[in-house]
Amino acid sequence: MTYPTVPAAPDHIELEHRVLRLWESERTFERLRAQNAGGAPFSFIDGPITANNPMGVHHAWGRSLKDLIQRHRAMKGHELRYQNGFDCQGLWVEVEVEKALGLNSKREIEEYGLDRFARACRDRVAEYSAVQTRQSIRLGQWMDWDRSYYTMTDPNIAYIWRFLKECHDRGMLYRGNRPMVWCPRCGTSLSQHELIDSYRDRTHPTLHVRFPFVDDPEQAVVVWTTTPWTLPANVAAAVDPEAEYAAVRTSQGIDWVMATRVEDLFGESADVVRTAPGAELVGRAYRGPFDALEAQAEVEHRVVAWDMVSDDEGTGVVHIAPGCGAEDFELGREEGLAVLVPVDEAGVFTADYGFLAGQATVDAADGIREHLAGEGVLVRSGTIDHRFPVCWRCGTDLIFRVVEEWFISADPVRQAMIDAAATVEWIPEQYGKRMEDWLRNMGDWCISRKRYWGLPLPFYRAPDGSMTVIGSIEELRERAVDPLDGLEELHRPWIDGIRIHTDDGQVAERVTEVGDCWLDAGIVPFSTLGWDRGSHVEGGYAAGAGEGLTAADLPDQAYWEKWFPADWISEMREQIRLWFYAQLFMSVVLVGRAPYRAVLGYEKLHDETGRAMHKSWGNAIWFDDAVEEMGADVMRWLYALQTPSQNMNFGYGPANEVRRRLLTLWNSYAFFVRYAEIDGFAPTWSDLAGRPPSATPLDRWVVARVEEAVRECDAALDGYWTPTYARAVEALVEDVSAWYIRGSRARFWRSGADADKDAAFRTLWWALAQISRLIAPAMPFLAEELWQGIVRGHADGAPDSVHLAGWPVVAEPDQGALQSMRLAQTAISLGRAARAQGSRKLRQPLREAVVATPDAQARAAVEGLADEIARELNVKAVRIADAVDELLDVEVVPNFRALGPKLGKDIPAVQAALKAGDYARDGDDVVVLGHRLGPDEVELRTRPREGFAVADEGGLAVAVDTELDEALEDEGLARELIHFIQGRRKDSGLEVADRIRLTVAGDERLRRVVERHGEEIAAETLCTALDVGEAIDGAPFEADGCSGAVRLEPA
RNA sequence: GGGCGAUUAGCUCAGUCGGUUAGAGCGCCUCUCUGAUAAGGAGGAGGUCCCUGGUUCGAAUCCAGGAUCGCCCA
């Protein structure tokens, strides 16, 4: 079988599409699963991706890591589940559907019809889950795409019901009146989760307002607010009782503010008429700015004490509206203040707010300012630029509103969750601390949303106020008062029509709220694995809204026991407070332990300059563009190289760098294929199970080097740390290319066949095949291309795909070979430096290089690789010498690592004595200041003497003899001529193996060189007839002061 | 205010258990090699390892305090 034609550089895009077709047609993934069935389970649980939009390159990061680890484990023979998940419910889906339908409020949704709206949401999930599936396949991710789970299905919902009932039974579920962060556009509260990254730069109106005292209206406290719309709900003004306040005379009267704020507010020349501690102001009644409103009718305003008043900004007197702010609400509870909630769900003032009724909070500022000015209490108005939270989905400024929501108490499970989290391996480690910090501080979980497309909370309230929580579909069926015929799925509006009867015979209706979508995702380790189910139902997951979308089974308890907890999960860091948290919460409640053993988190994806990606900034990169431009392998290699705990700078620039680095591997592959084809080399499959035959020290070295790298890679991936793996691969590829191939080229060129050539081929093939397996988890396409190119069909018995070939199993690497080569590499690089110092081009052969080291072991090691060193340095001979030589001075340096524990405080003195030469050598030992130091305890360093072309590093020094004689010069000229002819061959389009005829003309010296070195010239240039002629019309040749001409013809 | 990180070459980043001469890639300069060639190699310029103090024979690394940046909480 012939080898493929390998282009100069890979076309990643074309290659990847070709490999995708190959996998598809050969059902490679299905075969892998069959091959691993029954293997030790490796349980990965996929965090559901919101099936709402096409996936982005930040999703591709996580998916690449998931795929990388799963492929590695699969290569090691583990059985995996490969279940992908889609997050299907919640505000994010609703908002996109609203946009698509042109709806812009809850009222419009209700007018549109909840049934049609639910269908539209379901359709959007169907559409984008399909898009994301297609994209993920393109990325090379192997999952069981037909059996993805969908969080909107009835089974998922029913499992959450079960969880909620459990919480209710334990008394953890309650309905609370709480100030919530509220989005007036979406008409819903936001949980703490949803405030992540929600602060934006905003400009808002500010007002300074007087609150005149009832008993002395000339005097007033002055407050400052950045939310004018909350002033109509004002009930109190807070001061710090400990702080000093000052009364300042102004044109409007006498204004009380905190003393430290006077200068900022009234200038240096402020007329302070009096000062007093805040405590003196506490209790004074004042006239509110909106007393005339119906809503304010019953309110008595007064100054209250509060220790949270700051003097950073404002006036040191704080406007308090308990219905409009979290801290205000808390203070209001302590002080027994009235709670006024001035706006409705849509952020519009209610009827009892007079002229403001019907206005939205954002539009009310002007009217409020005018009203205050008219009342004579406006001190000044302005604007402020500050960070302000906005709705993370629609960008609307958020407000605080006191609303009723459903909560699960955190305290009953807090400690159990902390304990469970401590059993988990968090990667990077500090994410565990973050989780613990979050758990210690978490508030109760607000689980309700006043929306439509989401988990229907199974809470049924009877006329007497008692509550029944439904825990399963069966229970709903048993208790239903209304016929279930119309209940096509567990969603609004259909579920809203079903009333139930309670244990005591009342008829109860469902509350209208839906659930937090993190309930949907958090239940997954139970709902998808069949926890506490008696039987396995094929395709059972496809119920409700998921019908037609998935073929996932509904497994049973035995299955759950096999796969729970997950061995590993991975998502971006913010999921600590979201999915990692929700899962942990639900798992601790249901089974009392953590649902995962190891968690890999990763940071954020930015553009290549380090800025966050934003559609509106024009720096966002679309996955579909990126994958078809840089290629999936390049993208995946970027992700693999990235340190997860650092933000990633992603873009085409870094991608090009990586693509260029990957060329080294490609070139190595191309090199092998070129010569394997010429020689008809047939590899031996069984070589991969052990070691190939070796003929040279270099062969033994590269084998050891591959074995070493396989172990490094394996350990890194076992620990889920991909950058160590990726760097180890790059270093290996570099070594194979720069040292093994470059050093072995001549063995491949040579015509004929012998044991040495066979060893070279088999060794290089072995190395490349192992590398193909090593990169397979990260770059599945490139790995497959290599495998198809040089393994499959060439080695009898080889698997059809690299992904069916398993992870390399290698012997303990030969440390001696590795160590020797490291020394030789140092010697070679020193020799080159020495040549450069002596101004001798590498093409000019030189007589001798001297490698000197006082270390006997090192001398032996270098001796074994003397041929390699001679070849690399283009010298006739390598002489190994000890350092007691005219080349070098020797210095003895302590080996601190070894001597530190032994000598302790004596080290500086010993160091100084050694440096001063104040020591004696006794065999391999060094005696200094009464200490006898063995060879492992000191290092002998060398320094070149003046006047030699010498370079040194560590304990090695290399000198080259730069003297030339006629023979060496002629040989150099022959090399020049060969180089020139090779260039002509290439220019005239000859194939590597084509034979030629040569005629060379030139001066006397050139003719002499051709005669003396004709054989070598002919061999190197594949010349069948070399003639020396006179004055021919060939290509002019000039080198080293000689001139001539060369004519070249195909033979 | 509390918590978690980060700070290393012009840029992007590695740096294991504390070991005395801190590395890579990219970029720049000089040179070089070449039938793997849109590559490769050698050399150079470029570093107060954020600062201060401490522990230690020895600190980029450990400890304390501070600065700046990022994230999380209040």
Side-chain angles (χ1 to χ4, degrees), chain A residues 6 8-9 192 195-197 308 310 326-327 428-443 573-574 576-577 603-604 606 608-610 612 641-643 645-649 651 653-654 656-661 663-675 723-724 727 730-731 734 737-738 741-742 745 748-749 828-837 839-843 872 874 893-911 939 941 951 953-954 975 978-979 981-987 990-994 1020-1022:
Chain A
V6 179
Q192 290 181 353
L195 284 175
I196 290 168
D197 289 339
M308 304 227 345
S310 93
E327 294 92 4
E429 228 174 298
Q430 68 261 24
Y431 291 176
K433 299 185 202 165
R434 277 191 177 247
M435 176 57 103
E436 188 183 332
D437 184 57
W438 165 250
L439 293 174
R440 292 200 185 283
N441 294 303
M442 66 178 169
R573 193 205 58 214
E574 68 180 30
I576 288 170
R577 304 196 302 128
E603 291 289 320
K604 291 195 173 149
H606 289 162
E608 60 188 81
T609 68
L641 281 163
Q642 175 65 28
T643 304
S645 54
Q646 298 257 332
N647 287 337
M648 176 170 188
N649 297 349
N656 271 328
E657 260 187 48
V658 157
R659 178 153 46 186
R660 244 179 28 217
R661 284 216 297 279
L663 268 181
T664 308
L665 174 57
W666 188 260
N667 284 338
S668 303
Y669 165 64
F671 175 91
F672 171 85
V673 164
R674 165 170 291 176
Y675 291 101
T724 303
R727 279 196 289 266
E730 289 199 349
E734 182 65 26
S737 167
I741 296 183
R742 200 158 45 86
R745 272 180 300 191
F748 294 95
W749 298 336
I828 289 162
S829 118
L830 290 172
R832 285 179 184 141
R835 287 189 70 113
Q837 277 177 39
S839 307
R840 292 292 179 222
K841 293 196 212 182
L842 203 42
R843 210 177 288 145
E872 292 289 338
N874 194 17
V893 177
N895 177 350
F896 291 98
R897 195 189 282 273
L899 284 181
K902 178 172 167 183
L903 299 184
K905 287 181 199 289
D906 284 349
I907 282 225
V910 168
Q911 185 178 16
E939 192 183 326
R941 280 195 194 158
E953 185 182 304
R975 292 284 191 99
I978 291 167
H979 172 54
I981 294 165
Q982 300 288 35
R984 299 302 308 156
R985 277 185 64 110
K986 199 172 174 187
D987 292 347
L990 290 167
E991 290 301 317
V992 178
D994 288 346
E1020 288 288 329
T1021 60
L1022 299 184

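Values reported hereafter were calculated over all heavy atoms of this structure, with side chains retained and with hydrogens, waters and symmetry mates removed. Letters A, B, ... mirror the listed sequences (proteins, then strands); counts begin at 1.
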How close or far is atom C1' of B:C73 from atom CZ of A:Arg440, stated in whole angstroms? 14 Å
Would you mind reading off the distance between A:Glu429 atom CD and B:G5 atom P, rounded to a whole angstrom? 9 Å
Does the side chain of A:Pro654 come within less than 4.5 Å of A:Met648's, by heavy atoms? no
Taking atom P in both B:G15 and B:U32, compute the distance separating them and give it to the nearest angstrom. 38 Å
Span that lies between the P atom of B:G25 and that of B:G43, in whole angstrom: 12 Å
Check every atom of B:A14, B:A36, B:G41 against the side chain of A:Ile741 and return the nucleotide holding the closest atom. B:A36
In whole angstrom, give me the gap between the C1' atoms of B:U52 and B:A9. 24 Å
If you measure from CD on A:Glu574 to CZ on A:Arg434, what distance do you get to the nearest 0.5 Å? 11.5 Å
Interatomic distance at C1', B:G18 relative to B:U55, whole Å: 11 Å
Could you pick out which residue, A:Ala8 or A:Ser645, lies toward the 5' side of RNA chain B when each is mapped onto its nearest nucleotide? A:Ser645
For B:G5 and A:Lys433 - does any side-chain N or O of the residue sit under 4.0 Å from the phosphate oxygens OP1/OP2? yes
Nearest-0.5 Å distance that lies between atom CD in A:Glu734 and atom CZ in A:Arg661: 10.0 Å
From the set B:A36, B:C73, B:G27, return the single nucleotide nearest to any side-chain atom of A:Arg660. B:G27
Please classify the nucleic acid contact of A:Glu734 as base, sugar-phosphate, or nothing, using heavy-atom distances under 4.0 Å. sugar-phosphate
Between B:G2 and B:A14, how far apart are the two P atoms, rounded to whole Å? 29 Å
In whole Å, I'd like the distance from the CG atom of A:Asn441 to the P atom of B:C4. 12 Å
Could you tell me whether the side chain of A:Trp666 reaches within less than 4.5 Å of the side chain of A:Tyr669, counting heavy atoms only? yes
Heavy-atom donor-acceptor pair, A:Arg742 side chain to A:Ala738 backbone, under 3.5 Å: yes
Ring-plane angle category for A:Tyr675 and A:Phe748, please: parallel below 30°, perpendicular beyond 60°, tilted otherwise. tilted
Nearest listed nucleotide, side chain of A:Arg742, among B:C72, B:C13, B:G40: B:G40
Roughly how many Å is it from CD in A:Glu436 to C1' in B:C72, rounded to a whole number? 14 Å
Summarise how protein sits on nucleotides 62-70 of chain B as a single string, 5' to 3': B when a protein heavy atom is under 4.0 Å from the base, S for sugar-phosphate-only contact, - for no contact. --------B
Duplex segments of RNA chain B, taken as runs of at least three Watson-Crick or G-U pairs that stay under 3.5 Å: B:1-7 with B:67-73, B:10-13 with B:23-26, B:28-32 with B:40-44, B:50-54 with B:62-66
Could you give the distance separating B:C50 and B:A39 at their C1' atoms, to the nearest angstrom? 39 Å
Regarding the side chain of A:Asn649, the nearest nucleotide among B:A14, B:U12, B:A38 is B:U12
In whole Å, measure the gap between the P atoms of B:U61 and B:C49 for me. 10 Å
Quick one: CG on A:Asn441 to CZ on A:Arg577, what's the gap to the nearest 0.5 Å? 11.0 Å
Whole angstrom is fine here: how far is it from CG in A:Asp437 over to C1' in B:G2? 8 Å
Could you go over nucleotides 7-11 of chain B and give all protein N or O partners under 3.5 Å, atom names and distances?
none

Rounded to whole angstrom units, what separation is found between the CG atom of A:Asn656 and the P atom of B:G27? 11 Å
Could you give the distance separating B:G10 and B:C17 at their P atoms, to the nearest angstrom? 28 Å
Once you round it to whole Å, what is the distance between P of B:A74 and CD of A:Glu327? 10 Å
Between A:Glu603 and A:Ile978, name the one whose nearest nucleotide on RNA chain B is closer to the 5' end. A:Ile978
Straight-line distance of A:Asn647 CG to A:Gln642 CD, nearest 0.5 Å: 8.0 Å
Check if the side chain of A:Ser737 and the base of B:A36 share a donor-acceptor pair of N or O atoms closer than 3.5 Å. yes
Considering non-hydrogen atoms only, spot the tightest contact between A:Pro723 and A:Leu641 and give its length. CB-O, 3.5 Å
A:Glu657 side-chain proximity, nearest of B:C26, B:G2, B:C4: B:C26
Let me know the distance between CE of A:Met442 and C1' of B:A74, rounded to the nearest Å. 16 Å
